[in-house]
Novice: 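Okay, handing you the structure first.
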Amino acid sequence: MKTVYQPIISLETQGIIGMEVLIRGDKAPDDIILDAVLSDQIAALDMWVIESTIESMAKLNGDKKIFINCHPLTIEKTETLLSKKAFDLYVSNHINIVLEITEQMPLDLEKYLYHKDQLKSMNIKLAIDDFGKNNCNFNFLLHTSPDVVKIDRCITENIYNKEMQEFIKDIKKLSMELSFDIVAEGIENGDEAAIYKELGIEIGQGWFFSGPVSFDKLKKYIESKTGQRRVENKRSVSI
């Protein structure tokens, strides 16, 4: 079992906002998660991913925002979510964690809201992932009050459709009312990125920017982006 990382990008500056952590193994990721749920090991799997990611991110300079897929059952174990070693690394290395759950997962709303407040005290945020994959339940967003909503790639694939663009405008409007950020997933070309940018979406993720990469390749990717910004800053000063 290993983890890989997919950069999450500012559509305005092309700079790195954060990265999503994904698991890879002998089986497809969905099968790994299903096996963990059926064997009552999902919390252990999630906590392993969280702790190993914190250890890796501690090796990078600067602030880091990491998005980690998480099962609601794991969120209910807030008290043991991080070991003392992981928590100390998390705090001392300016690591920001965003836990992703999907609207398709069974969710005890009362427990969710209770643990959401606990996570907030630890500076851990919550995101709704794959929004729009099976349905577009705006009431779900109203009740769960997420910090981030990630638009599923099935929406992105149809972003050229005017009705879909109106849908994105509605989400954007709701995000301003409820104060959550939006990440457009599954961006595979510049046209999709440009449309989202025109619609007011500021953050994107997808193969157009980078696929999931190893930690070593992530470091090189970050260094290349940092180098680009230095060149841009020098140019702007000279002008």
Side-chain angles (χ1 to χ4, degrees), residues 1-11 13-25 29 32-33 36 42-72 74-75 77-78 80-102 115-116 118-131 146-151 180-187 202-207 209-226:
M1 188 82 67
K2 66 178 182 179
T3 54
V4 292
Y5 308 85
Q6 186 170 32
I8 297 173
I9 303 296
S10 164
L11 298 182
T13 68
Q14 302 295 300
I16 298 177
I17 298 292
M19 60 284 299
E20 180 176 357
V21 185
L22 302 163
I23 56 172
R24 293 291 185 266
I32 294 173
I33 293 168
I42 187 62
L45 174 62
D46 285 344
M47 286 187 272
W48 172 79
V49 172
I50 292 169
E51 294 211 358
S52 62
T53 300
I54 287 173
E55 290 180 8
S56 295
M57 291 299 108
K59 301 173 184 176
L60 296 177
N61 295 323
D63 294 340
K64 312 101 181 172
K65 180 172 286 188
I66 52 176
F67 291 70
I68 304 174
N69 292 282
C70 188
H71 197 280
T74 306
I75 291 175
K77 300 180 183 295
T78 308
T80 57
L81 191 64
L82 297 176
S83 67
K84 184 180 185 305
K85 177 184 176 182
F87 185 76
D88 289 345
L89 281 173
Y90 162 67
V91 173
S92 63
N93 286 276
H94 307 288
I95 299 170
N96 299 302
I97 295 176
V98 182
L99 299 179
E100 300 183 12
I101 62 173
T102 70
H115 291 291
K116 182 177 186 291
Q118 286 190 311
L119 291 170
K120 185 177 181 180
S121 70
M122 299 165 65
N123 197 32
I124 295 177
K125 297 183 178 182
L126 287 171
I128 301 301
D129 192 21
D130 300 337
F131 187 73
D147 300 294
V148 181
V149 172
K150 300 188 77 178
I151 304 298
F180 60 76
D181 293 322
I182 300 173
V183 178
E185 294 188 296
I187 295 177
E202 299 175 349
I203 307 171
Q205 178 181 354
W207 282 84
F209 308 107
S210 171
V213 297
S214 67
F215 181 72
D216 287 340
K217 288 184 178 179
L218 175 70
K219 287 171 63 177
K220 291 179 181 179
Y221 184 86
I222 293 173
E223 289 168 0
S224 70
K225 288 291 182 180
T226 303

Novice: Go through the steps for Gln6 and Val21 under the test side chain to side chain contact (heavy atoms under 4.5 Å, CB included), then give the verdict.
Specialist: CA-CA 7 Å; Gln6 186 170 32; Val21 185; over 6 Å; no

Novice: Taking the side chain as every heavy atom from C-beta outward, state whether Phe67 and Thr53 have any pair of such atoms under 4.5 Å apart.
Specialist: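 With C-beta onward as the side chain, the pair stays apart.
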
Novice: Do Lys220 side-chain atoms and Asp216 backbone N/O form a donor-acceptor pair below 3.5 Å?
Specialist: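 No, because the side chain of Lys220 does not come within donor-acceptor range (under 3.5 Å) of the backbone of Asp216.
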
Novice: Would you compute the distance between atom CG of Asp46 and atom CD1 of Ile50 and round it to the nearest 0.5 angstrom?
Specialist: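 It comes to 6.0 Å.
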
Novice: Taking all heavy atoms of Ile187 and all of Gly204, pick out the closest pair and write down the distance.
Specialist: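 In this case the closest contact between Ile187 and Gly204 is CD1-CA, 3.9 Å.
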
Novice: Which value, rounded to the nearest 0.5 Å, describes the distance between Thr74 atom OG1 and Leu45 atom CG?
Specialist: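 Separation between the atoms: 8.0 Å.
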
Novice: Which distance, rounded to the nearest 0.5 Å, do you find between the CG of Leu119 and the CD1 of Ile97?
Specialist: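 Rounded to the nearest 0.5 Å, the CG-CD1 separation comes out at 9.5 Å.
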
Novice: Compare all side-chain heavy atoms of Thr3 with those of Leu22 and state whether any distance is below 4.5 angstrom.
Specialist: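 Sidechains of Leu22 and Thr3: no contact.
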
Novice: Do you know which two heavy atoms are closest between Met57 and Tyr5, and how far apart they sit?
Specialist: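 Closest heavy-atom pair between Met57 and Tyr5: CE-CE2, 3.7 Å.
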
Novice: Using side-chain contact (heavy atoms from CB on, under 4.5 Å) as the criterion, point out the one residue from Ile32, Val4, Ile68 that pairs with Ile23.
Specialist: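 Only one of Ile32, Val4, Ile68 forms a side-chain contact (heavy atoms from CB on, under 4.5 Å) with Ile23, namely Ile32.
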
Novice: Could you go through Thr13 and Ser10, starting from their C-alpha distance and side-chain angles, then the distance that decides it, and tell me whether this counts as side-chain hydrogen bond (donor to acceptor under 3.5 Å, both in side chains)?
Specialist: CA-CA 6 Å; Thr13 68; Ser10 164; 3.2 Å; yes

Novice: Quick one, Ile182 with Ile203, criterion side chain to side chain contact (heavy atoms under 4.5 Å, CB included). Give me CA distance, side-chain angles, the key distance, then yes/no.
Specialist: CA-CA 7 Å; Ile182 300 173; Ile203 307 171; over 6 Å; no

Novice: Shortest non-hydrogen contact from Phe209 to Tyr221?
Specialist: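 Minimum heavy-atom separation between Phe209 and Tyr221: O-OH, 3.5 Å.
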
Novice: How long is the gap from CE on Met19 to OG on Ser210, to the nearest 0.5 Å?
Specialist: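 Rounded to the nearest 0.5 Å, the CE-OG separation comes to 10.5 Å.
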
Novice: Looking only at non-hydrogen atoms, find the nearest pair between Glu51 and Ala86 and report the distance.
Specialist: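 For Glu51 and Ala86, the tightest heavy-atom pair comes out as CD-CB, 3.7 Å.
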
Novice: Do the non-hydrogen side-chain atoms of Pro212 and Arg24 ever get within less than 4.5 Å of each other?
Specialist: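 Yes, their side chains come closer than 4.5 Å.
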
Novice: Just wondering, do Ile9 and Ile16 contact through their side chains at under 4.5 Å, heavy atoms?
Specialist: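 Of all side-chain heavy-atom pairs linking Ile9 with Ile16, at least one is under 4.5 Å.
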
Novice: With the side chain counted from C-beta on, respond yes when Leu60 and Ile222 share a heavy-atom pair under 4.5 Å apart, and no when they do not.
Specialist: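 With C-beta onward as the side chain, the pair touches.
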
Novice: Can you measure from CD1 (Ile95) to CD (Glu55) and round to the nearest 0.5 angstrom?
Specialist: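 CD of Glu55 is found 10.0 Å from CD1 of Ile95.
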
Novice: To the nearest 0.5 Å, how far apart are CZ in Phe180 and CG in Asp147?
Specialist: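 Those atoms lie 10.5 Å apart.
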
Novice: Looking at side-chain heavy atoms only, is the closest gap between Val148 and Val183 below 4.5 Å?
Specialist: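 Side-chain contact under 4.5 Å: yes.
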
Novice: In chain order, what residues pass the side chain to side chain donor-acceptor pair (under 3.5 Å) check against Glu100, with sequence neighbours excluded?
Specialist: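 With sequence neighbours excluded, Glu100 shows a side chain to side chain donor-acceptor pair (under 3.5 Å) to Lys150, given in chain and number order.
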
Novice: Can you name the closest pair of heavy atoms from Cys70 and Ile101 and give their distance?
Specialist: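 Residues Cys70 and Ile101, closest heavy atoms: O-CG2, 3.1 Å.
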
Novice: For residues 120-127, dump all side-chain donor-acceptor pairs below 3.5 Å to protein atoms at least two apart in sequence or in another chain.
Specialist:
residue: Ser121; atom: OG; partner: Gln118; partner atom: O; Å: 2.5
residue: Asn123; atom: ND2; partner: Asn96; partner atom: OD1; Å: 3.4

Novice: Could you check whether any side-chain heavy atom of Leu11 comes within less than 4.5 Å of a side-chain heavy atom of Glu202, counting everything from C-beta outward?
Specialist: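 Result no, sub-4.5 Å side-chain heavy-atom pair not found.
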
Novice: At their closest point, which heavy atom of Ile8 faces which heavy atom of Glu20, and how far apart are they?
Specialist: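 So the minimum-distance heavy-atom pair works out to CD1-N, 3.9 Å.
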
